[in-house]
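Worksheet: the structure to be examined is printed underneath.
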Amino acid sequence: MGHVEIPETDISGPVGLRGAPRPRTAASRNRTAALEQLWRAPTAQRDPAERVPARRKPVHRASVGALTDVLALAGPAWLLLHLGEQPRPWLAAAVAGLLWTGLRGVRGRYADPVRAEPGGAFGALGDWLVLLGVLAVLHAAAGGSVDPATAVVAVAPGLLAATAVEGLRTGRRGRAVRKVLLVGEAAGLDRAAELLNSRTDHAYQLVAAIPVGPGLPGFENLQVPGRLASSPADDDVTTVLGGAYAHDADLVLVAPGPQLTGDRLRRLGWGLHDAGVALCVASELSGIAAGRVRPVTAAGLTLLHIAPPLRGGPQGVLKAALDRGGALFGLLVLAPLLLAVALCVRFSSRGPVFHRQVRQGQHNRPFTMWKFRTMVADAEARKEQLSEDNEVDGPLFKMRQDPRVTPVGRTLRRTSIDELPQLFNVLLGQMSLVGPRPPLPEEASRYDEREGRRLAVKPGLTGLWQVSGRSDLSWQETVSLDLWYVDNWSVATDMGLLARTVRAVTDGRGAY
């Protein structure tokens, strides 16, 4: 059934001077009944006494993933141990395969792809290293006679297979894997729809919406197959299921509000789960990684405990060690390249090799940041003349065709090689390998409270901004990405961003 639009009609009849309602006419009562019938109209024609059929559930992907992992590790392990004439190869391969599958299951690698956050190559590598540790402990405790080097080689195919599967899974993340039917009041629908449609790095595809109450969603292209009344009604479940079936949605996303909460939401969940349709409830929380949220129940309430952002502890110590070690290693390995670039900059245009600039670091402390010079010597003096040509909103200044950039500098900017001297800043502890970009003092002076939170961590050589489009992003998009990192960073996140930086630099998109 298509969307029925109810006009703004007074169905209560005229009101007297003292507020007492006048008797309604028969026509008025008929109009009211007609509107109520439209209001409660189901989304699909059906026999009211007929029970809505349950949708056939798809094959569970967890069993397929577990079977793939156990066979990919145990099979080659048995073959290599057998060829290496190791004792009882079948037993060793079976134990290793079961441990591998159990470990991956405990770490959530077989979870629902919508809710899971696969670790990609780094996640599989971490699982594999833990497996080696467990096998080493078992080997020492049982006094096994399997050669350790042979054992490591035997379980290596399991890592390769898991890495390939995770890579394919991560590569599909930009495509929707869940068709979503939104249910909620107009304001909640608009907020959820706007957020879901503004990004593509998630697994939800919005297909339709069922508003609750008289309001209508603000999105013009959003299909509205029906609506729920302002108060609980007997056809709440059948209306939502009719909309889900009509648009082939396998997930109902509810935006709770005053008209859809408590017992009404629970009864809707009963009906959806009995029919085999998944239910998800939107939260007002935003910008918080799933790993920081822990659901608990108390006195019949469902509570969400939010872990505070990391600011120190073991991960902070490890991050500092990786920063210093990575910067030192990078400077030693890249020394020939740095020398060659320095010579090109020196002899291609007049001016110094390096561009030193005061930036604001963690807790708004100033420091001197180093870069290869990519502009003419008097670039800062000419900036005021170009202020009207700024192509970026907010406090930043960016131009795609900045006349101050030298030919060599344009190449350095596209490849981000001009940023490499900041490895010295990382080595000195003023910056991190991963973090928000450090702002200029005049930019930081214009920050509001929200933007100022970017300075709660050390600025970075790379970060979410760099791997998500760089200068092609608006200022507010940049701030949102930086704030997400500030509140949700971890060493694993840093490693993933460093890996993505290589692809971003190769692409060169947004670098100017």
Side-chain angles (χ1 to χ4, degrees), residues 287 307-331 338 352-375 379-380 383 392-398 413 416 418-468 470-471 473 475-491 493-495 497-498 501:
L310 290 173
R311 291 293 182 265
Q315 291 221 45
V317 174
L318 181 57
K319 178 181 176 70
L322 291 175
D323 283 341
R324 302 289 179 90
L328 181 60
F329 177 77
L331 289 172
L338 297 176
V353 171
F354 296 103
H355 175 64
R356 294 179 297 176
Q357 197 172 47
V358 175
R359 297 290 183 111
Q360 301 303 114
Q362 187 178 21
H363 305 313
N364 210 19
R365 288 194 293 262
F367 71 98
T368 301
M369 189 183 75
W370 293 71
K371 297 176 63 175
F372 282 121
R373 181 177 58 83
T374 59
M375 292 186 174
E380 290 297 327
K383 180 179 178 180
V392 182
D393 58 345
L396 294 178
F397 179 84
K398 286 284 185 179
R413 287 188 167 208
S416 297
D418 62 316
E419 310 282 357
L420 291 180
Q422 291 162 38
L423 289 171
F424 286 106
N425 294 115
V426 177
L427 192 61
L428 294 173
Q430 300 166 333
M431 293 180 62
S432 174
L433 291 178
V434 181
R437 289 300 295 161
L440 293 167
E442 57 266 28
E443 295 172 354
S445 65
R446 297 164 57 188
Y447 281 0
D448 57 22
E449 181 181 3
R450 174 174 176 268
E451 295 164 343
R453 190 168 174 79
R454 300 174 72 241
L455 304 177
V457 298
K458 286 184 180 180
L461 189 62
T462 186
L464 267 178
W465 175 73
Q466 287 85 342
V467 302
S468 303
R470 290 189 270 188
S471 298
L473 300 176
W475 169 243
Q476 290 303 322
E477 289 173 329
T478 300
V479 172
S480 296
L481 291 172
D482 285 343
L483 292 184
W484 189 95
Y485 176 83
V486 167
D487 287 339
N488 301 290
W489 79 267
S490 65
V491 172
T493 301
D494 283 0
M495 299 299 290
L497 289 175
L498 287 172
T501 298

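Keep in mind the model is a prediction, meaning the values are calculated, not measured. In what follows, residues are counted from 1 in the order of the sequence shown.
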Task: Side-chain donor or acceptor of Asn488 paired with backbone N/O of Gly287 under 3.5 Å - done: yes
Open item on the list: Could you check whether any side-chain N or O of Gln362 sits under 3.5 Å from a backbone N or O of Leu455, counting only pairs where one atom can act as donor and the other as acceptor?
Closed with: no
- [ ] Mark yes or no for whether Tyr485, through its side chain, and Trp465, through its backbone, hold a donor-acceptor pair below 3.5 Å.
- [x] no
TODO: Over all heavy atoms of both residues, which pair between Val486 and Ala456 is shortest? Give the atoms and the distance, please.
DONE: CG1-CB, 4.0 Å
- [ ] Find out whether Met431 and Leu423 are in side-chain contact, i.e. whether some heavy atom of one side chain is under 4.5 Å from a heavy atom of the other.
- [x] no
Task: Where Pro459 and Arg437 come nearest, the two heavy atoms and their spacing - done: CB-C, 4.3 Å
Task: Side-chain heavy atoms of Pro441 within contact of Val358, under 4.5 Å - done: yes
Task: Minimum-distance pair of heavy atoms, taken over all atoms of Pro439 and Tyr447 - done: CB-OH, 3.2 Å
Task: Residues forming a side chain to side chain donor-acceptor pair (under 3.5 Å) with Gln360, sequence neighbours excluded - done: Asn364
TODO: Sequence neighbours left out, what passes salt bridge (Lys or Arg N to Asp or Glu O under 4.0 Å) with Arg373? Give chain and number order.
DONE: none
TODO: Examine the side chains of Trp475 and Glu451 and answer whether a donor and an acceptor come within less than 3.5 Å of each other.
DONE: yes
Task: All salt bridge (Lys or Arg N to Asp or Glu O under 4.0 Å) counterparts of Lys458, not counting sequence neighbours - done: none
Open item on the list: Is the shortest side-chain heavy-atom distance between Glu419 and Thr462 below 4.5 Å?
Closed with: no
- [ ] For Thr368, enumerate each residue passing the side chain to side chain donor-acceptor pair (under 3.5 Å) test, keeping only those at least two apart in sequence or located in another chain.
- [x] none
TODO: Check whether any side-chain heavy atom of Phe372 sits under 4.5 Å from a side-chain heavy atom of Val353, and report yes or no.
DONE: yes
TODO: To the nearest 0.5 angstrom, please state how far the CH2 atom of Trp489 sits from the CG atom of Leu310.
DONE: 5.0 Å
Open item on the list: Parallel, tilted or perpendicular, judged at 30° and 60°: which one describes the rings of Trp370 and Phe354?
Closed with: perpendicular
TODO: Answer yes or no: is there a side-chain heavy-atom contact under 4.5 Å between Arg450 and Ser480?
DONE: yes
Open item on the list: Using the rule given for side chain to side chain contact (heavy atoms under 4.5 Å, CB included), can you reason through Gln422 versus Leu433, listing the C-alpha separation, both sets of side-chain angles and the distance that settles it, and then say yes or no?
Closed with: CA-CA 9 Å; Gln422 291 162 38; Leu433 291 178; over 6 Å; no
Task: Side-chain touch Thr493/Val434, heavy atoms, less than 4.5 angstrom - done: no
Task: Partner residues of Ser432 under the side chain to side chain donor-acceptor pair (under 3.5 Å) criterion, sequence neighbours left out - done: Lys319, Asp323
TODO: Return the set of residues passing salt bridge (Lys or Arg N to Asp or Glu O under 4.0 Å) with Arg359 (not counting sequence neighbours), or none when no residue passes.
DONE: none
Open item on the list: Can you tell me how far apart CG (Leu427) and CG (Asn425) are? Round to the nearest 0.5 Å.
Closed with: 9.5 Å
Open item on the list: Do Trp484 and Leu464 make a side-chain contact, defined as non-hydrogen atoms from C-beta onward lying under 4.5 Å apart?
Closed with: yes
Open item on the list: As an exercise, state the distance from CD of Gln357 to CZ of Phe367, rounded to the nearest 0.5 Å.
Closed with: 10.0 Å
- [ ] Find the distance between CG (Asp418) and CZ (Arg413) and round it off to the nearest 0.5 Å.
- [x] 6.5 Å
Task: Main-chain N/O of Val491 paired with Gln315 side-chain donor or acceptor, under 3.5 Å - done: yes
Open item on the list: For Arg356, is the CZ atom crowded, meaning more than 12 foreign heavy atoms sit under 6.0 Å from it?
Closed with: no
Open item on the list: Quick one, Arg454 and Leu481 - any side-chain contact, counting heavy atoms below 4.5 Å?
Closed with: no
